[in-house]
2 protein chains.
Amino acid sequence: MSPRKAESDLPAQAFRQHDHGECARSLMSAAHDLCTERGLRLTPVREKVLELLLKSHAPLGAYAILSELADSGFRAQPPVAYRALDFLVENGFVHRIEKINAFVACNQPRDGHSPVFMICSDCQQVAETSAKTQSPTLDRTARKIGFDIQHTVVEAQGLCAQCRERGPQ
Amino acid sequence: MSPRKAESDLPAQAFRQHDHGECARSLMSAAHDLCTERGLRLTPVREKVLELLLKSHAPLGAYAILSELADSGFRAQPPVAYRALDFLVENGFVHRIEKINAFVACNQPRDGHSPVFMICSDCQQVAETSAKTQSPTLDRTARKIGFDIQHTVVEAQGLCAQCRERGPQ
DNA sequence: GATCAAATGTTATGATATAACATATTAATA
DNA sequence: TATTAATATGTTATATCATAACATTTGATC
Ligand SMILES: [Zn+2]
Ligand SMILES: [Zn+2]
Ligand SMILES: [Zn+2]
Ligand SMILES: [Zn+2]
C-alpha cells in the first residue's frame, strides 16, 4: 500500500495543510503511469497543462492556462488549451467546474468517480471531496423517474473554514 | 389546500404528461401573488421572460430569450434579458442550469429549496426533481470540513425514460 | 517509406456575459 | 406637490468563454 493512501483519502485536501509540491509530483507521476497503462499520449502540451493545474492552488480558466502556456513557449491559440483540457478531462485527470467555468486537477484520477466540489466564494479555492459512488439521493430520484444518469455535476459554493474564521474582509 | 398540490409534489414534471397550459398559468399567477406579498415588481419585461420560460418545454439560453423578447416588441440588447433573468433567479422564480448555460422556470417557487436537475442529452428537456432539503451527502461532507454552503448546483445529464425507450436515433 | 490516424497549427467566428453610463420611472418624503 | 432617492431601463461597447474548419505535422503500422 502506498504511503500516501491515508492522506489521499482525506477529503478536501485543497483546504488542508499539506506538502503541495509532493502532492503535485505524485499526481503527475501517477498520470504518466496511467497513460502508459492505457496507451494514452501525455504529449508536451497536455503534460504542461496538467502541471499548471497541479501547481495551482485554485482552479484555472482556459484562458489563464492559455496565457501560462504562452509564457512557457507553447502556441497560444485557444484550441491549444481546449484540446489539451478535453484530453485531460475525458481521461479523468482534470475536472471541469461548471459553476465557475474553470478546471482543476483531479486528486484521485485512478478511481472512476463522481466528483463533488466545494468552491470558496472568498479565496476561490476548490476542494474535491469526491465520494467513490454517486449521490444516493440523485440515484434514487433517477431510478424513480427512469432516468439513466451518464454524468453528474455536484458543486457547492460557500465559505471554507479558513475564510469563515478570518471573517468578512 | 390547493387542488394542484398533489401534482406539484411529483418530481420530474417535465418528463410526464400534464396540462402544461394550466401548469404555466398557475405558476404565473403564483409569481404575481408572491411578488405582491414580498413587494417585488414583476415588470413587463420580467413577466414576459417568465412567461417565455413557463411556456417552453425545454430550458432557454439567454440569447434565445432575448430573441423572443425582440419578437414581442421589447428592446433586444443582452442586458435586458440578463437583468430580467437576474431578478427572476434571485427571487426563486427561475433557475440557472450551469451545465448548459440555460434557464428554466422553477416549478415550486414558494419553497426555498435546492433544485436538482435531470437533463436529457437527447431531447434536451430538463426535469426539476427538487427536494425540499439539500443533499444529505453534501451537508455531511460540508460539515466534516467546516464548509458553509450558500448555494448548490446538482445536475445530472443522461437519458430520460422516453428517449431511452425510443432507443438510439 | 507508404499509409493512416492522431495531434497540432492557425484563422476566423460563435456564444455567453458584463461594464459603464445615460435616461426614465416609481416610491418616499419634505 | 415639488424634491429626492431608489429602482429599473436604454444603449454602446467590450469582456469572456468556446468551437468550426481546414492545413500541416507527427507517430504508429504495415
Ligand atoms: Zn476527481
Ligand atoms: Zn476560502
Ligand atoms: Zn425550483
Ligand atoms: Zn429525453
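Small disclaimer: the values here were computed from a predicted structure and weren't measured. What you see below is based on every heavy atom in this structure, not just the backbone, and it leaves out hydrogens, waters and symmetry mates. Just so it is clear: chains get the letters A, B, ... in the order the sequence lines come, proteins before strands, and each one is counted from 1.
Within the 4.0 Å cut-off from OP1 or OP2 of C:dT11, not a single side-chain nitrogen or oxygen of A:Arg75 is found. Listed pair B:Tyr82 / C:dA17 meets the phosphate criterion, a side-chain N or O lying under 4.0 Å from OP1 or OP2.
Straight-line distance from the CD atom of B:Gln77 to the C1' atom of C:dA22: 13 Å, rounded to whole Å. We find that CG of A:Leu60 is positioned 15 Å from C1' of D:dC17, with the value rounded to whole Å. Following rounding to the nearest Å, B:Lys99 (NZ) and D:dA18 (P) show an atom-to-atom distance of 11 Å. We find that CG of B:Leu42 is positioned 14 Å from P of C:dT26, with the value rounded to whole Å. A:Ile100 places its CD1 atom 15 Å from the P atom of C:dA17, with the value rounded to the nearest Å. Between B:Leu66 atom CG and C:dA17 atom P there is a gap of 12 Å when expressed in whole angstrom units. Atoms CD1 (A:Ile65) and C1' (D:dA18) sit 13 Å apart, rounded to a whole Å. When the C1' atom of D:dA8 is taken as reference, atom CG of B:Asp86 falls 13 Å away, rounded to whole Å.
In this structure, A:Glu155 does not pair ionically with A:Lys99, as no charged nitrogen and carboxylate oxygen lie closer than 4.0 Å. With salt bridges taken as basic N to acidic carboxylate O contacts below 4.0 Å, one links B:Arg110 and B:Glu37. A salt bridge between B:Arg164 and B:Asp122 is absent, with no side-chain N of the basic residue lying under 4.0 Å from a carboxylate O of the acidic one.
In this model, a donor atom of one side chain and an acceptor atom of the other lie less than 3.5 Å apart for A:Arg96 and A:Asn101.
Taking only side-chain atoms of B:Tyr63, from C-beta outward, the nucleotide of C:dT10, C:dT16, D:dT9 with the closest atom is C:dT16.
Residue B:Arg41 is in sugar-phosphate contact alone, with no base atom involved, counting any heavy-atom pair closer than 4.0 Å across all strands shown.
Comparing B:Arg46 and B:Pro78 by the nucleotide of DNA chain D that holds the closest heavy atom to each, the one mapping nearer the 5' end is B:Arg46. Nearest-nucleotide assignment on DNA chain C puts the 5′-proximal partner with B:Ala102, out of B:Arg83 and B:Ala102.
Between B:His95 and B:His113, the ring-plane angle classifies as tilted under the 30° and 60° cut-offs.
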